[in-house]
Amino acid sequence: MIQIKLKDGSVREYQEGVTVLDVAKDISPGLARATLAGEWNGKVVDIRKKIDEDGTLNLLTFEEEQGKKAFWHTSSHIMAQAVKHLFPKARLAIGPAIDNGFYYDFDVDKPFSTEDLEDIEKEMAQIVKENLELDRFELPRQDAIQYMEEREEPYKVELIRDLPEDAVISFYRQGDFTDLCAGPHIASTGSVKAIRLLSVAGAYWRGSEKNKMLQRIYGITFPKKSQLKEYMNRLEEARKRDHRKIGKELDLFSIQEEGPGFPFFHPKGMILRNQLEDFWRKEHGKRGYQEIRTPMILNRDLWIRSGHWDHYKDNMYFTKIDGEDYAIKPMNCPGSMLLYKRKIYSYRDLPVRMAELGLVHRHELSGTLHGLMRVRCFTQDDAHIFMLPEQVRDEIIGVIDLVDYFYKVFGFRYHVELSTKPEDSMGSAEDWDRATNALKEALEIKGLDYRINEGDGAFYGPKIDFHLEDCIGRTWQCGTIQLDFQMPERFDLTYVGPDGEKHRPVMIHRVVFGSIERFIAILTEQFAGAFPVWISPVQVKFLSITNRSDDTINKMMEDFGKDGIRTESDLRNEKIGYKIREARMEKVPYMLVVGDKEVENGTVSVRSRSKGDLGTMKPEDFKARIEKEISKKTLD
RNA sequence: GCCAAUAUAGCUCAGCUGGCAGAGCAGCAGUUUCGUAAACUGCAGGUCAAGGGUUCGAAUCCCUUUAUUGGCUCCA
């Protein structure tokens, strides 16, 4: 007999060889149905796993991440089985579970159409109805290869060949379908109650464009129909908040055919930008940053010296001036280097914090462009901090605090990632270690949890990335802090130390918004266009009932304008309900209705975007209220 | 860049197997001066993304290009 400790702390005794599923059945049939995978001594295991020793077992359901993954992994097998039924010549590549559902890559002669997806969905429903049990078996390497060769699955053969020597090669079989798979998988196909295939896309075999393009089908499944409905609603909500849609509706920005990836900012979008930039300037001024501006076009030699020519050329735009080669800046750092070098710094001057709202141009592949999120020119809220080696930690902490402050103003949650040395990089391994450790140390002092992204650093140094979480759970990379021991070397930056000798300063690159354009896109989606009052392009809209109040409204607008409140008026000969409807669709925070009554009493009737009718008040009182919200940057 | 889909009025969209280019909203003109999410009538608005081809005839079928969308890859 063996002893198994469960999540709730209880311990149960079983015969050796009991499976995860047996334990679940023993507890309750309901739990057995809900159990999708197990966690045995901290490792995710298949529900068919035989247990031969004492240990701790967690039963994973759809509520747990790993339970979901098993459910979706099996769903991908069901999809592959359906595709094999309908398209026997399709060759199988890979089909994993992903964060939201699963996909499977197929090699087919003809791409799948939307009608094909419907047919596949129906076939999947049929497989689910048959409630096929999955069983797992293992084969030695040679037999496994032969098995897949017989089935004419060249991709599977390649996968098996690439498995490490000592790997257990396991297969899962459900009815007439067998797939090479490490698992885990759920017990049978019957628990998949709701299926939706979402899209087809091309995807390279093993993600490399040198390989053949396969057809990838994305899908999602759930144990309950209602969960699928909820998921589809969430997708719908995301579509409604799409910054491209809202940006058009609210007349914030556009991208014209004449400039793919080069956005145009409209008057109202400019107000947003300017508010963000004003805020940024003020906060950076407070923290000892000096603002600079460097040219957009600089000589090729500079880019060779900075290393961009070798490491970033494919993303750069070039031009010729008087027969000389110039590049349009993809980053602001080389310009800042030149400014640092314009004079001699003493150790007493450091740290020097040079900030620049710099417009950079980068050639991005046409297929990756996406509204303001992915563009070919954008404004980085950049800064380069030059410092003594012993100042590194505190400077990084200063930036972490600044980023934290900025994100909280907008009500964002975020998480942090640390990226280490990539393959294509400059500098010695020791420099990289030193830099990486400095970043780690700062994070640990701040008590921030972080994830490590191996090999994801910039070519000149490791970095900390800040990922914003928006209100529907998506994340966006915005702020970064990148340590750079290379650039000071390349540009021979120096400061004069207490010993009168020249020394090498350390430098960090950092951004808070990341890209102003992307940040505006994120804000738009976060607030669904209903921006906080302090950045709203229009803060107050005056609505008249009849043209008898036009003069009063015009006077009030002038008065509000003097105090820096952004107003508009709707004096058209329309009904008040119609004007309110329009102002609401424009997401204006406050509507002030002024009719005969208000003119007579010297009041305004206030209607808030979020709270509805607030009754009448004196214009001064309303002004005090909104001014307070603006200065406090209230989120509503 | 690669795979697929899409492109019709300022916006949202209809236009089926080829046969005179349509609607709603917005705009303009008039009527209505109205109290918290759409008053009424009329007018105007188009090189159907661009170019080529098939056809008696193309928004519609074919090809090329451009852009957009969803992915792959890449990244702020």
Side-chain angles (χ1 to χ4, degrees), chain A residues 103 105 108 110-114 116 198-218 239 242 244-245 248-249 251 254-261 312 314-315 330-332 358 360 362-382 419 456 458 463 465-468 476-480 482 509 511-519 521-522 543-550 571-585 591-598 605-608 612-616:
Chain A
Y103 67 79
D105 287 347
V108 281
K110 213 170 79 170
F112 295 112
S113 67
T114 15
D116 291 338
L198 299 164
S199 63
V200 208
Y204 300 108
W205 166 237
R206 303 199 140 173
S208 164
E209 56 190 303
K210 291 185 192 82
N211 292 334
K212 183 162 185 188
M213 168 121 359
L214 308 173
Q215 290 296 311
R216 172 173 299 178
I217 304 181
Y218 285 88
R239 261 194 293 277
D242 192 314
R244 294 166 299 185
K245 178 173 137 65
K248 192 188 264 181
E249 285 167 359
D251 199 20
S254 61
I255 296 174
Q256 313 277 338
E257 194 163 333
E258 287 77 358
Y312 209 71
D314 291 346
N315 284 299
M331 295 188 195
N332 301 305
V360 296
R362 298 181 184 177
H363 182 71
E364 300 292 347
L365 297 177
S366 60
T368 65
L369 302 177
H370 179 90
L372 292 181
M373 296 281 191
R374 241 356 242 281
V375 290
R376 284 177 173 158
C377 74
F378 59 98
T379 307
Q380 283 186 309
D381 62 317
D382 220 338
S419 298
D456 218 24
K463 58 177 183 170
D465 291 325
F466 294 82
H467 294 254
L468 283 187
W476 307 98
Q477 196 205 308
C478 293
T480 69
Q482 310 184 341
H509 312 245
V511 289
V512 181
F513 291 136
S515 136
I516 305 272
E517 287 76 4
R518 176 183 282 182
F519 200 79
I522 296 168
L543 310 179
S544 62
I545 304 279
T546 71
N547 55 17
R548 290 188 295 277
S549 49
D550 289 4
L571 306 181
R572 290 176 304 175
N573 179 7
E574 292 287 355
K575 289 192 167 175
I576 190 66
Y578 177 83
K579 295 185 185 183
I580 286 169
R581 183 186 139 82
E582 266 194 10
R584 281 205 58 103
M585 290 196 303
M591 292 164 238
L592 301 188
V593 178
V594 181
D596 291 342
K597 271 187 283 181
E598 288 79 7
S605 175
V606 182
R607 195 186 158 105
S608 135
D613 198 341
L614 299 180
T616 57

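Each chain gets a letter, A, B and so on, in the order its sequence line appears, and its residues count up from 1. Small disclaimer: the values here were computed from a predicted structure and weren't measured.
- Between A/A201 and A/Y218, the closest heavy-atom pair is CB-CE1, 4.4 Å.
- B/rG45 and B/rA21 are spaced 12 Å apart, taking the C1' atom of each and rounding to whole Å.
- Nucleic acid contact for A/L214: none, since no nucleic acid atom lies under 4.0 Å from a heavy atom of the residue.
- Between A/R244 and B/rG70 there is a side-chain N or O to OP1 or OP2 distance below 4.0 Å.
- With both ends at atom C1', the span from B/rA50 to B/rA7 equals 11 Å, rounded to whole Å.
- Contact annotation: A/R216 does not reach the phosphate of B/rG70 (side-chain N/O to OP1 or OP2, under 4.0 Å).
- To the nearest whole angstrom, the two C1' atoms, one in B/rA59 and one in B/rU8, are 7 Å apart.
- Between B/rG52 and B/rA44, the distance separating the two P atoms is 31 Å to the nearest Å.
- The CG atom of A/L543 sits 20 Å away from the P atom of B/rU33 (whole-angstrom rounding).
- Remark: ring of A/Y578 not stacked against base of B/rA39; the cut-offs of centroid gap under 5.5 Å and plane tilt under 30° are not jointly satisfied.
- A/R362 has no side-chain polar atom (N or O) that falls below the 4.0 Å cut-off from OP1 or OP2 of B/rC74.
- Of all heavy-atom pairs spanning A/R362 and A/P330, the tightest one is NE-O, 2.9 Å.
- Separating the C1' atom of B/rU55 from that of B/rC62 is a span of 12 Å, rounded to the nearest Å.
- Looking at heavy-atom distances under 4.0 Å, A/R374 makes contact with a base.
- Between A/R216 and A/D105, the closest heavy-atom pair is NE-OD1, 2.7 Å.
- Looking at A/Y204, its side chain comes within 3.5 Å of the base of B/rG1 through a donor and an acceptor atom.
- Rounded to the nearest Å, the gap between the P atom of B/rU17 and that of B/rC61 is 8 Å.
- Annotation: B/rC20 and B/rC48 have their C1' atoms spaced 15 Å apart (nearest Å).
- With hydrogens and angles ignored, a donor-acceptor pair closer than 3.5 Å exists between the side chain of A/E598 and the base of B/rG35.
- Nucleotides B/rU12 and B/rA58 have their C1' atoms positioned 26 Å apart, rounded to a whole Å.
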Subject >> Pairing pattern in dot-bracket form [Watson-Crick, G-U; both distances under 3.5 Å; | = partner strand] for RNA chain B >> reply: (((((((..((((.....[..)))).(((((.......))))).....(((((..]....))))))))))))....
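- Closest of all the heavy-atom pairs between A/Q215 and A/V108 is CG-CG2, 3.6 Å.
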